[in-house]
2 protein chains.
Amino acid sequence: MTLAKARPRTRIQKKNRAAILEAALEVFSTHGFRGATVDQIASEAGLSKPNLLYYFPSKEAIHSALLERLLDTWLDPLRAIDPQGEPLEEVLAYVRRKLEMSQSLPRESRLFAMEVIQGAPRIHDVLSSDLKQLVDETAALLEDWMAQGRIARVHPHHLIFSIWSLTQHYADFDVQVRAVLGREDPFAAAPAFLETLYRRLLTP
Amino acid sequence: MTLAKARPRTRIQKKNRAAILEAALEVFSTHGFRGATVDQIASEAGLSKPNLLYYFPSKEAIHSALLERLLDTWLDPLRAIDPQGEPLEEVLAYVRRKLEMSQSLPRESRLFAMEVIQGAPRIHDVLSSDLKQLVDETAALLEDWMAQGRIARVHPHHLIFSIWSLTQHYADFDVQVRAVLGREDPFAAAPAFLETLYRRLLTP
DNA sequence: AAACGATTTGACCAAACGGTCAAACTGACG
DNA sequence: CGTCAGTTTGACCGTTTGGTCAAATCGTTT
């Protein structure tokens, strides 16, 4: 009997589906969708290929499941901005959270980056609906704060883009950053640099 | 007779090699190395597959040729920083040049991004030798300027990373940026935003 | 127009790919 | 211990892929 989209029930299913997603994250994030092979994912997960395809109907399905699970966690920090909080501190806290995610979830960042660079064929709709809405709301909040003179006036959308860009850069371009820095750990100085940057940019 | 690595001599070779590289840039930058097929590149270049492989010995060779040609143009703006110039204006001009490159050469940016995200397997050596040296020199120059109090003191390497990150974001994540912005053109507000950002960050 | 290198192509190949299937195995429960 | 749903696998299939090759065509020079 096939599993379809039903939630995993048994202990074995839970374990194997988790192992597959973990393996797929590793492989997809380093080789891209077409660069990854089902055999590779299966062997990384400690399963045979037919066995893997017993849990997920196709390579596509694994990738989709991965992206779906990712999108939520990825946008959580944005949702966590508190409209009642102190504006500058809220933004700085958001930057800090995003940077921590780049450090602790670099593979997720790279998976997302590769998908978007390739034109986001599988998540374009989510970007222009859910993501856009969330960003627009946050941008409106930022504009309120700017209108009240509590942070300096800059283009709110581009402010958000800059935070995504600067924080995810440390995950996506990790190899380049490390190649240039030599022995120095990127994440040693990054938090202070970004705090300085956004403090100077946004202090009224 | 095969062509080996010799420079193209005839008119036809010049034209076809150029067409192949142009087509390969288009295909590689949207599908990644393994996602691109030789047939795809050939048809995009208006050639048959065997004919394409008459000009380049392998898919790998096309990709390498592209990256090699790219690396120079990519780093030119960094080399163009004038040690004798006015510090803040030099940095702002560098930001402007990099942003213009993201706008006029987005495919090159994406090709480079995908290579680095996947661990830079083909250019890792160049990154940790040539690139590192160039960046270290620029960082030293920036530190001089900071020591002289002509720009504010921040981590020079991370300053350079931030410029790469912020400018290339508009090319690499173009789809996402446009999805969020709706009808608004990203490159309308980006230059002013980045100028404000770096002016506030670096004004002593 | 003859001759010769440069260019182009259809046919082909071996390997790798995503996916299928019937058959075998496993383990929890009555 | 028998049973049966749940799990695993070896063998297999059709397609796609990067690449080869001999033969055909083209273009230029004499």
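It should be emphasised that the depicted structure is a prediction, and the values quoted were computed from it without experimental measurement. Lettering of chains follows the sequences in order, A, B, ..., and the numbering in each one begins at 1.
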Distance from Ser128(A) atom OG to Arg178(B) atom CZ, nearest 0.5 Å?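 Here the interatomic distance stands at 13.5 Å.
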
Point-to-point distance, once rounded to the nearest 0.5 Å, from NZ of Lys59(B) to OG1 of Thr37(B):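 It comes to 7.0 Å.
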
Determine, stepwise, if the pair Arg122(B) / Glu60(B) fulfils salt bridge (Lys or Arg N to Asp or Glu O under 4.0 Å). CA-CA 10 Å; Arg122(B) 303 156 215 279; Glu60(B) 269 277 347; 2.4 Å; yes

Nearest to the side chain of Ile12(A), which nucleotide is it out of dG19(D), dT8(D), dT7(C)?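 Nearest listed nucleotide: dT8(D).
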
Rounded to the nearest angstrom, tell me the gap between atom [atom1] in [X] and atom [atom2] in [N].
X: Lys14(A); N: dG6(D); atom1: NZ; atom2: C1'; answer: 16 Å
X: Lys59(B); N: dA16(C); atom1: NZ; atom2: C1'; answer: 12 Å
X: His63(A); N: dG18(C); atom1: NE2; atom2: P; answer: 13 Å
X: Ile20(B); N: dG18(D); atom1: CD1; atom2: P; answer: 14 Å
X: Ile62(A); N: dC17(C); atom1: CD1; atom2: P; answer: 15 Å

Regarding Ser109(B) and Tyr170(B), do their side chains bring together a donor and an acceptor under 3.5 Å, going by distance alone?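 No donor-acceptor contact under 3.5 Å links the two side chains.
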
Between Arg110(A) and Asp172(A), does at least one N-O distance fall below 4.0 Å, as a salt bridge requires?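 No salt bridge links Arg110(A) with Asp172(A).
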
Do Glu89(A) and Arg199(A) sit within salt-bridge range, that is, some charged N less than 4.0 Å from a carboxylate O?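 Here Glu89(A) pairs with Arg199(A) in a salt bridge, since their nearest N and O are under 4.0 Å apart.
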
Side-chain N,O ([X]) to OP1/OP2 ([N]) below 4.0 Å:
X: Gln13(A); N: dG6(D); answer: no
X: Asn16(B); N: dA6(C); answer: no
X: Tyr54(A); N: dT7(D); answer: yes

DNA chain C contacts among residues 30-53 of chain B, heavy-atom distance under 4.0 Å: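 Heavy-atom contacts with DNA chain C come from Arg34(B), Ser48(B), Pro50(B), Asn51(B).
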
